[in-house]
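Since the structure comes first, as structure tokens, the remarks are kept for the end.
Here the structure is a predicted model, which is why all the values come from computation and not from measurement. Just so you know, ligand 1 is whichever comes first in the structure, and atom 1 is the first atom listed for that ligand. These numbers come from the heavy atoms of this one structure, side chains and all, not from hydrogens, waters or symmetry mates.
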Amino acid sequence: MYDVRDWRHAFKLDPNKEITDEALDLICESGTDAVIIGGTDGVTLENVLDLMARIRRYTVPCILEVSNIESITPGFDLYFIPTVLNSNDVKWVSGIHHEAVKEYGELMNWDEILVEGYCILNKDCKAAKTTGASTEISAEDVAAYAMMAEKMFHMPIFYLEYSGAYGDPSLVKHVKEYLEETTLFYGGGIQTSEQAEEMGRLADVVIVGNAIYENLEEALKTVKAVKKSK
Ligand SMILES: CC(C)=CCC/C(C)=C/CC/C(C)=C/CC/C(C)=C/CC/C(C)=C/CC/C(C)=C/CC/C(C)=C/COP(=O)(O)OP(=O)(O)O
Ligand SMILES: O=P(O)(O)OC[C@@H](O)CO
Ligand SMILES: [Mg+2]
């Protein structure tokens, strides 16, 4: 399952957080479609390599969501490259990407690299603060970013990001109506099966992150909840 168009659910593990072998076993054997390694801060080559080696014992697809150049390493099934469409700082839209491609472009295997068009909507989350995202925007603004991602830039993924907070289901529904080819990822604040099912009905793929560290038992239930939601 290396094609995101076939996914419904993914867990996102933060390399900057501790996880026991027992918890990791439950995550990797949960039936989720993929495990994404990613976070905004404290992501180092060392903690990425550690997590990758431990996940590699399982067959679940393992993806690195790149948040800085220093922690990129071979060995992942896919690499997701975020670009924050609603950032006011060109650095987070195309700046770091330009530097990276200038340096490593010749070496990159483009078949394993997928660009994620992010729209970050929780003003209090680290990713919004780090990237200077404009979070107070209308549904039409968000829909326009979704159309840009699909129709202008042909991005494989549009990511509605509420990291740390449960988002607005009506906005997710609205955005989905604008996407035909691009896969809609929803992530943020999913703590219960009910929330997972609700967002699972509206988005193509639901990402569960913090709940892994806060309530593993509930987090594991989100896999089935999303999969039965459509
Ligand atoms: C050797 C080898 C295999 C080479 C592969 C080549 C390759 C993949 C090259 C990459 C080339 C490239 C274009 C690199 C640039 C990548 C880059 C650094 C882009 C910038 C990324 C970016 C915009 C980061 C901003 C933050 C962000 C959107 C992070 C995504 C994750 C996220 C939102 C996490 C949620 O936050 P979290 O940490 O969970 O918050 P809490 O701790 O509060 O929960
Ligand atoms: O950590 P949570 O709030 O579940 O969000 C998941 C993911 O979208 C973070 O990038
Ligand atoms: Mg997190």
Note, Ile19 side chain near Arg54 side chain (heavy atom, < 4.5 Å): yes
Shortest protein heavy-atom distance from atom 9 (C) of ligand 2, along with the residue and atom involved: Glu161 OE2, 3.4 Å
Any Ala211 heavy atom less than 4.0 Å to ligand 2: no
Aromatic ring pairing Tyr159/Tyr118, orientation class (parallel under 30°, perpendicular over 60°, tilted between): parallel
Test side chain to side chain contact (heavy atoms under 4.5 Å, CB included) applied to Val205 and Thr183, Val4, Val226, the passing residue: Thr183
Heavy-atom nearest neighbour in the protein, as seen from atom 36 (O) of ligand 1, with distance rounded to 0.1 Å: Thr40 OG1, 2.9 Å
Within-cut-off N or O pair, Gly189 and ligand 2, under 3.5 Å: yes
Numbered atoms of ligand 1 (with element) below 4.0 Å of Glu65, judged on heavy atoms: 30 (C), 31 (C)
Polar contact flag for Lys126 and ligand 1 (N/O pairs, less than 3.5 Å): yes
Between Gln191 and Glu214, a side-chain donor and acceptor under 3.5 Å: yes
Side-chain (Thr83) to main-chain (Gly117) donor-acceptor, under 3.5 angstrom: no
Ligand 1 atoms in contact with Ser67 (distance to a heavy atom under 4.0 Å): 18 (C)
Test item: side-chain donor near acceptor, His9 and Thr222, under 3.5 Å: yes
Part of Tyr159 within contact of ligand 2 (heavy atoms, under 4.0 Å): side chain
Any donor-acceptor pair under 3.5 Å from Arg56 side chain to Gly75 backbone: yes
Ion pair check, Lys91 and Asp89, cut-off under 4.0 Å: no
N or O pair under 3.5 Å between Gly164 and ligand 2: yes
Proximal ligand 1 atoms for Ser163, defined as those under 4.0 Å from one of its heavy atoms: 35 (C), 36 (O), 40 (O)
Asn68 N/O under 3.5 Å from ligand 1 N/O: no
Closest non-hydrogen atom pair, Leu220 against Leu26: CD2-O, 3.5 Å
Whether Gly164 lies under 4.0 Å from ligand 1, heavy atom: no
Ligand-side contact atoms (ligand 1) for residue partner Tyr79, heavy atom cut-off under 4.0 Å: 3 (C), 8 (C)
Heavy-atom proximity to atom 12 (C) of ligand 1, best of Gly42, Ala100, Gly187, Ala133: Ala100
N or O pair under 3.5 Å between Thr131 and ligand 1: no
Near the Mg ion (ligand 3) (under 2.8 Å) - protein N, O or S atoms: Asn210 OD1
Expected output: side-chain Arg201 to main-chain Lys173 donor-acceptor under 3.5 Å: no
Gly209-ligand 2 polar pair, N/O distance under 3.5 Å: yes
Salt bridge flag under 4.0 Å for residues Lys176 and Asp204: yes
Member of Ile120, Val142, Thr131 meeting the side chain to side chain contact (heavy atoms under 4.5 Å, CB included) criterion with Asn86: Ile120
Protein contact of atom 27 (C) of ligand 1 - nearest heavy atom, named by residue and atom, plus distance: Ala127 CB, 4.4 Å
Ligand-side contact atoms (ligand 1) for residue partner Lys17, heavy atom cut-off under 4.0 Å: 42 (O), 44 (O)
Identity and distance of the protein heavy atom lying nearest atom 1 (O) of ligand 2: Asn210 N, 2.8 Å
Minimal non-hydrogen separation, Ser71 against Thr44, with atom names: CB-C, 3.7 Å
Pairing of Lys12 and Glu65 as salt bridge, 4.0 angstrom limit: yes
Lys12-ligand 2 polar pair, N/O distance under 3.5 Å: yes
Shortest protein contact, atom 16 (C) of ligand 1 (heavy atom only): Val66 CG1, 3.6 Å
Candidate with minimal heavy-atom separation from atom 11 (C) of ligand 1, of Met108, Lys12, His97, Glu112: Met108
Protein heavy atom at shortest distance from atom 22 (C) of ligand 1: Trp92 CE3, 3.8 Å
Asp25-Tyr58 side chain donor-acceptor pair, cut-off 3.5 Å: yes
Closest approach of any protein heavy atom to atom 33 (C) of ligand 1, naming residue and atom: Glu161 OE2, 3.2 Å
Interfacing atoms of ligand 1 (cut-off 4.0 Å, heavy-atom, Asp14): 38 (O), 42 (O)
Side chains of Asn88 and Ser134, donor plus acceptor under 3.5 Å: yes
Pick from Ile72, Ile37, Asp41: the one approaching atom 9 (C) of ligand 1 most closely through a non-hydrogen atom: Ile72
Salt-bridge criterion met for Lys224 and Glu197 (N-O under 4.0 Å): no
Sub-4.0 Å atoms of ligand 1 with respect to non-hydrogen atoms of Asn210: 44 (O)
Under 3.5 Å: donor-acceptor pair, side chain of Asp141, backbone of Ser138: yes
Atom indices of ligand 1 within 4.0 angstrom of Tyr118 heavy atoms, with elements: 30 (C), 31 (C), 33 (C)
For Leu179, side-chain contact (heavy atoms from CB on, under 4.5 Å) partners two or more places apart: Ala146, Glu150, Phe158, Val175, Thr182, Leu184
Asp77 side-chain N/O to Cys62 backbone N/O, donor-acceptor pair under 3.5 Å: yes
